[in-house]
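Any value given below was found using the heavy atoms of this structure, including those in side chains, with hydrogens, waters and symmetry copies removed. Numbered from 1 within each chain, the chains take letters A, B, ... in sequence-line order.
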Amino acid sequence: MMSALIWTMSRRHRVGPDTEATEKAAQQFHSITTEVERHKVLHTIRQLPSPMATKMQLKKKLMEGPVTESYGVKQMKFENKKRMQSLKNAWHNFKYTMELWGSSMRTIEGHHGTGVVSYFVFLRYLLLVNFCMFLLSMFIWVPVVIHDESAYTSGSTAATCTPLYDVNVSSNAFELIIDFFQGSGWMEKTMMFYGYYSGNGLDNTSYKLSLAYILVCIFCLVVSLILMETFLVSDFRETILNAGNGSTGFCNKVFGTWDYALTDDASASIKHKSVRFELLSYVNEQIFVKEREQRLRDGYLRCKLYTIRIIINIFIVLVLVASGYLIYYVTDYSTGYVRRNAGVSGTTEVLLKLLVQFLPAITISALNGVLPVIFKKVVAGEEYTNAFVVKITLVRTVFLRLASLIVLMGTLYSAVTCSTRSVCRSTSSPCSVITCWETYVGQQLYKLIIADLLAVIIKTLLVELPRRLCYEKCSCGIFKKIRPPEFDIPACVLDLVYSQCLYWLALTFAPLAPTFAVLKVVVTFYMKKLSVLKACPPAEQPLRASRTTSFFMVILLIAFFICSFTVGYVFYDMEPSHGCGPFRTYGHMYYAITQTVEGWPSGAQSFYNLIVSPAVTGPLIIFLILLIYYCSVLASAHKSVAYMYREQLVKEGRDKQYLMVKVMELGGDSTPAPNPRRAQPAGLKNINETAPAPRKVASTNQTNNQQMSTGLSSPHAGYAC
Amino acid sequence: MGAVQSVFTEQELDNYQALTYLSKRAILNVYKRFSSLNPTAILHDKNARMPFSTVTDIQELRANPFKDQLMKVFSSSPDGMTFEDFLDMISVFSDEAPKSVKVEYAFRIYDFDGDDMISSNDLKEVINRLTGDDNAFTEGEMQLLIDNILEESDLDVDDALSFAEFEHVISKAPDFSSSFRIRL
């Protein structure tokens, strides 16, 4: 029915309201009586490539006939679907009016195109994640604020074993400012850090702060994961659908390259230039690839190239290891320096101490800035194609970022486990005692977060804007060499991923971190908007939005799993401090949950114990692995079906050619010589010249339900009636 | 917004929402933009025809090298474009429109001579429009590009792209859906 409808609406003309084809289509509506079918046909009408007037007429004719009620399951499903549709419409309406930063995004899109906008979409999405985390974290600090508690002093019960955890608060104004940046002194006593939440004030209520704390952390991670999945799935689907077998590079570059959203004349002219450059460079790349293949036939040259590649990869691994060691060394030095100079006063010494404390953050930022440049220079020797160069540089930069994070965590871990925090009496040990190690870790993360926030502001205001001003105003001598700043999307996205990791880790140790996260995302948006609109001109070689968004999401997911593993480890295996915090009475943090479970009725208790035991989780993991295997088998089957259809299309083309030749022969014309350029299309060398009789092709695209037949009447027909 | 909303009845808005891929608010926004081209004429007659030159003057279409084709493809008559044609266009270029609809219209836009096939001449015109007037390719480069394109997509080797071939090759093009978008 639907295929016939589309069939009659010929593609050649925009069919007007009164033409024959419309009448024919309208006649077929008489057979439609149920609401369900009507709804389906209405959907098809919407998809028609016809003017609005035609569609309205068709709809009117469709709705004219009598409706028979259908009962039962089908009707119920249809009612549900209608309700869902109206809900979806209302949601779309709401999203359209309430779109955050919508006009800014449109301006940016008009200037730079969809590639850059995808970064801002990612940023807006991270704002949503952080905002949800902020709402959840309110469950921790709001009750504590309401039931204002006494300062944490030693408890009276034997279970709370509290060596003295006292913080010196200085009254010097200068030191107060320094303390804000370091997270020590008066800052350490605030709600920012774990140590504040001893839960004393809530002892009389039934609100168990320890349980709330651990549940909030877990739920934040779960909510982040769910939001990431929803974002990733929609993008991923497009990526899978677009991943073709067979190269379509040229068609993609010609038909998919003009960004219809560009509105600015200047950007449009830049885009024209970049299109020309891209098309030419793509042609050159094809030539380069062919040449390289020719060259590599020679065994000696091939060996040489592979040795070069291996050497370069080893070099890069060494560089990564060296940078990891550098971070470890700097963190160690910084903590040692702080410990040695714990009691200094005097402005310069205190400032120096502050600087040394920020040294790890500065090292990480410096490495993140310098090493990618080295990677770019080095990759030239490996002779890869342009697309692969972009990919592999990206992968290496990602390794660098994740490695620095992991090394930092490792260093903190060793600093924390080295101390003796589990005993009441501080014994002598090779490393000094850290009373309340959670606050200590929170402080280090807090410093990193502050450094991150400042880096964004400084980079935009003090580096990019002046550079652009310099480029525009000064044209003398050395200033001629300065090029305007580029908006480097991969680097910016990796920055975002890195800072998001920090916030996920910091939530456990500094419950107010999500507030900082929300603030940072908003500040980043406005800084980057300033940078993109005022400082950076549109790129000559724009990054393709389509392929990179899902890649970045995958990076975010990997980073998320590393963070959640760390948080899980902290809850499961690390002993909380006995001098501070809501878990000071427990041997491990997760005992908060087990204690609560012990308070449940015995039926629920045994059910819970069964669920978390290996008897259930083991088979569940095996089942999930089998499911993954099944899905991958399904995917490869679909791929081969798609390939089969492509071959079928090609065969139909050969059929048509053969038949045309026959017709020409029968008509007495001389056989047209096959076009010499097109004599041997790639991949068709083994198709038999004597094609079988023409046959109808099943539609390759099920959704359109179009029928194609090899036409004999007109040599031009894509398909003929 | 209240004044604009009273132009359409609820029934009409429902109709438009059922037949396009836009929400009601978006449809009203489209009407607002369209009527700002010539407020008096639109107030007089909702379905007044705007000449092409006025419509292509809006900010979103000004810099587009295919704007005349857009006008030709979406208008129901060569005299000009009505509001409903314009609504059609925005609906096809919206985010929610499925790829099949976009591919249909993309084929018509790139088929300059209107013969239902994208021939080498059409391809030449497309590439010239893409590079702009000052950056045109030489004859040899152009021929090389066209050869490469036809080699990738022309499965029945007839020197032109039929709709089926175009659709087949565009469905594999990852950049198409993200670039074929206009947001008002």
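Neither the backbone nor the side chain of B:I27 comes within less than 4.5 Å of any heavy atom in chain A. Contacts of A:V254 with chain B are made by both backbone and side-chain atoms, with heavy-atom separations under 4.5 Å. Of the atoms belonging to A:K59, it is side-chain heavy atoms, and not backbone ones, that fall under 4.5 Å from chain B. For a residue to count as touching a neighbouring chain, one of its non-hydrogen atoms must lie under 4.5 Å from one of that chain's; by this rule B:L161 touches chain A with the side chain only. For B:L61, no part lies under 4.5 angstrom from a heavy atom of chain A. With a 4.5 Å cut-off on non-hydrogen atoms, A:E109 touches chain B through its side chain but not through its backbone. Heavy atoms of B:F93 lying under 4.5 Å from chain A belong exclusively to its side chain. Heavy atoms of B:L19 lying under 4.5 Å from chain A belong to its backbone as well as its side chain. Neither the backbone nor the side chain of B:I58 has a heavy atom closer than 4.5 Å to any heavy atom of chain A. Proximity to chain A is absent for every atom of B:S91, based on heavy atoms less than 4.5 angstrom apart. Looking at B:E96, the atoms closer than 4.5 Å to chain A (heavy atoms on both sides) all sit in the side chain, from C-beta outward.
Contact between B:I182 and A:Y260 at its shortest, heavy atoms only, is CG1-O, 3.7 Å. Residues A:G256 and B:S179 approach most closely at O-OG, 2.9 Å, considering heavy atoms. In this structure, B:Q17 and A:R46 approach most closely via the heavy-atom pair O-NH1, 3.9 Å. Closest approach of B:D88 to A:S50, counting heavy atoms only: OD2-O, 3.4 Å. Taking all atoms of both residues into account, the shortest heavy-atom contact from B:E152 to A:C251 is OE1-N, 3.0 Å.
Here the CG-CG distance, from A:N89 to B:L22, works out to 11.0 Å after rounding to the nearest 0.5 Å. A:L262 CG to B:N64 CG: the interatomic distance, rounded to the nearest 0.5 Å, is 9.0 Å. With rounding to the nearest 0.5 Å, the separation of CZ in A:R646 from NE2 in B:H168 is 5.5 Å. From B:E60, atom CD reaches atom OG1 of A:T263 across 6.5 Å, with rounding to the nearest 0.5 Å. Expressed to the nearest 0.5 Å, how far OH of A:Y282 lies from CG of B:L145 amounts to 11.5 Å. We find the OG-CG distance between B:S153 and A:N252 to be 12.0 Å, quoted to the nearest 0.5 Å.
The greatest number of non-hydrogen atom pairs below 4.5 Å with chain A, out of B:M89, B:E165, B:R183, B:K24, is found for B:R183. For chain A, the option among B:L130, B:N148, B:V101 with the highest count of heavy-atom pairs below 4.5 Å is B:L130. Top candidate by heavy-atom pairs under 4.5 Å with chain A, chosen from B:T20, B:V126, B:L144, is B:T20. Note on A:L42, A:V283, A:L279: by heavy-atom pairs under 4.5 Å with chain B, the leading option is A:L279.
Between the side chain of B:T131 and the backbone N or O of A:H272 there is no donor-acceptor pair closer than 3.5 Å. No donor-acceptor distance shorter than 3.5 angstrom exists from the side chain of B:E84 to the backbone of A:M52, with no hydrogens or angles considered.
Ion pairing of B:D158 with A:K656 is present here, as a side-chain N (NZ or NE/NH1/NH2) and a carboxylate O approach within less than 4.0 Å.
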Step-by-step salt bridge (Lys or Arg N to Asp or Glu O under 4.0 Å) determination, A:D259 to B:R181: CA-CA 8 Å; A:D259 212 332; B:R181 256 203 282 242; over 6 Å; no
Side chain to side chain contact (heavy atoms under 4.5 Å, CB included) between B:Y16 and A:M56, worked out: CA-CA 9 Å; B:Y16 283 142; A:M56 298 253 261; 4.1 Å; yes
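Side chains of A:W258 and B:P65 form a contact here, defined as non-hydrogen atoms less than 4.5 Å apart.
Applying the side chain to side chain contact (heavy atoms under 4.5 Å, CB included) criterion to A:L280, with sequence neighbours excluded, gives A:R276, B:F137, B:E141. Listed by chain and residue number, B:Y110 satisfy the ring pair (Phe, Tyr, Trp, His ring centres under 6.0 Å) test with B:F66 (two or more places apart in sequence, or in another chain).
Checked against the 6.0 Å centroid criterion, the rings of A:F255 and B:F166 qualify as a close aromatic pair.
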